Amino acid sequence: MFFSLAVAVFAAIIFSGCTTVESSQKFNRMGLGTPNEKAICQTYVEIPGYYFLGIPIVVGSPAGDGEWTMFRSNLTAENAIFLLTKEAKLRRAARVVNVNVSSTECYIIPMLLSRRTIQASGTGVRTKSAAMER
């Protein structure tokens, strides 16, 4: 009984410990950007991690969307910004503005098991003339 419960909990942690990278290019003709730049995409990155007594167990990977690692602490602003800018480049943005990075931690079992998350979001932009040429 205990073993099957432990396996189920571990499987749930693995499947929910994956990196998430999402991007939207639909702005409802709102004209996001500045007078000289046009918004290309709004991108969101989340890297979650599960820690037992402060030791990383399953953590999202900076390798990309849906990836995870074991026993490595990848929850850094550097990794979140790397994935954010990587996605913006894939969407052909020249730079990223309005970048926001935040981190949270909540205890699942107080003082034993915690879930930490780092999130980043930003708007990929390029000059309006370059955007109009595409």
Side-chain angles (χ1 to χ4, degrees):
M1 173 75 179
F2 178 74
F3 179 74
S4 57
L5 178 63
V7 169
V9 168
F10 186 71
I13 287 174
I14 285 177
F15 289 118
S16 62
C18 296
T19 297
T20 301
V21 179
E22 296 178 346
S23 198
S24 174
Q25 293 181 291
K26 295 185 179 185
F27 300 114
N28 292 323
R29 296 186 217 141
M30 290 297 294
L32 300 177
T34 65
N36 297 322
E37 294 177 317
K38 180 179 179 181
I40 302 302
C41 62
Q42 178 65 33
T43 302
Y44 170 80
V45 173
E46 179 177 275
I47 306 173
Y50 289 89
Y51 291 75
F52 182 75
L53 294 174
I55 300 168
I57 305 299
V58 176
V59 182
S61 171
D65 189 40
E67 299 293 326
W68 58 276
T69 61
M70 292 187 72
F71 310 116
R72 285 191 178 160
S73 186
N74 298 320
L75 302 183
T76 64
E78 181 179 8
N79 287 338
I81 297 295
F82 170 78
L83 288 170
L84 179 67
T85 54
K86 180 180 174 183
E87 179 70 14
K89 280 184 181 179
L90 288 173
R91 305 289 179 167
R92 298 187 176 155
R95 65 189 192 109
V96 179
V97 298
N98 302 327
V99 174
N100 185 16
V101 178
S102 64
S103 62
T104 58
E105 179 177 17
C106 66
Y107 283 96
I108 298 168
I109 302 172
M111 306 306 291
L112 291 178
L113 183 64
S114 65
R115 182 178 196 267
R116 300 177 190 172
T117 304
I118 191 157
Q119 301 167 331
S121 65
T123 305
V125 298
R126 67 175 163 230
T127 62
K128 282 197 174 183
S129 61
M132 297 301 179
E133 291 172 8
R134 293 192 184 262

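Predicted, not measured: the structure shown is a model, and the values here were computed from it.
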- Would you check, one step at a time, whether the test side-chain hydrogen bond (donor to acceptor under 3.5 Å, both in side chains) holds for Gln42 with Thr123? CA-CA 4 Å; Gln42 178 65 33; Thr123 305; 2.5 Å; yes

- Task: Starting from the C-alpha separation in whole Å, work towards a yes-or-no answer on side chain to side chain contact (heavy atoms under 4.5 Å, CB included) for Val58 and Phe71.
- Result: CA-CA 6 Å; Val58 176; Phe71 310 116; over 6 Å; no

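Judged as a salt bridge (Lys or Arg N to Asp or Glu O under 4.0 Å), and not counting sequence neighbours, the contacts of Arg91 are Glu87. Residues satisfying the side chain to side chain donor-acceptor pair (under 3.5 Å) test with Ser23, not counting sequence neighbours, are Thr43. Applying the side chain to side chain donor-acceptor pair (under 3.5 Å) criterion to Ser61, with sequence neighbours excluded, gives no partner residue. Scored by the side chain to side chain donor-acceptor pair (under 3.5 Å) test, Thr69 finds Asn74 as partners (sequence neighbours excluded). For Glu22, the salt bridge (Lys or Arg N to Asp or Glu O under 4.0 Å) criterion is met by no residue, not counting sequence neighbours. By the side chain to side chain contact (heavy atoms under 4.5 Å, CB included) test, Leu112 pairs with Phe52, Leu53, Ile109, sequence neighbours left out. Listed by chain and number, the residues in a side chain to side chain donor-acceptor pair (under 3.5 Å) with Ser103 amount to none (sequence neighbours excluded).
Summarising the hydrophobic clusters (Ile, Leu, Val, Met, Phe, Trp, Tyr; side-chain heavy atoms under 4.5 Å, direct or chained), the residues clustered with Leu84 are Val21, Val45, Ile47, Tyr51, Val59, Leu75, Ile81, Phe82, Leu83, Val96, Val99, Val101, Ile118. Other members of the cluster containing Ile55 do not exist, because no ILVMFWY side chain is joined to it at under 4.5 Å.
Annotation for Val97 and Val125: closest pair CG2-CG1, 3.9 Å, computed over non-hydrogen atoms. In terms of heavy-atom proximity, Pro48 sits nearest to Glu46 at CD-O, 3.6 Å. Across Arg92 and Arg126, no two heavy atoms sit closer than the pair O-NH1, 2.6 Å. Across Ser73 and Pro56, no two heavy atoms sit closer than the pair N-CG, 3.8 Å.
Here the straight-line distance linking atom CZ of Arg115 with atom SG of Cys106 works out to 6.5 Å at 0.5 Å rounding. Here the NZ-CG distance, from Lys86 to Asp65, works out to 10.0 Å after rounding to the nearest 0.5 Å. We find the OG-OH distance between Ser114 and Tyr107 to be 5.5 Å, quoted to the nearest 0.5 Å.
The side-chain hydrogen bond (donor to acceptor under 3.5 Å, both in side chains) contacts involving residues 76-85 comprise Thr76-Asn79, where partners must be two or more places apart or lie in separate chains. Within the structure, every pair that satisfies the salt bridge (charged side-chain N to carboxylate O under 4.0 Å, His left out) test and touches residues 97-108, not counting sequence neighbours, is listed here: Glu105-Arg116.
Using a 4.5 Å heavy-atom cutoff, the side chains of Trp68 and Thr19 are not in contact.
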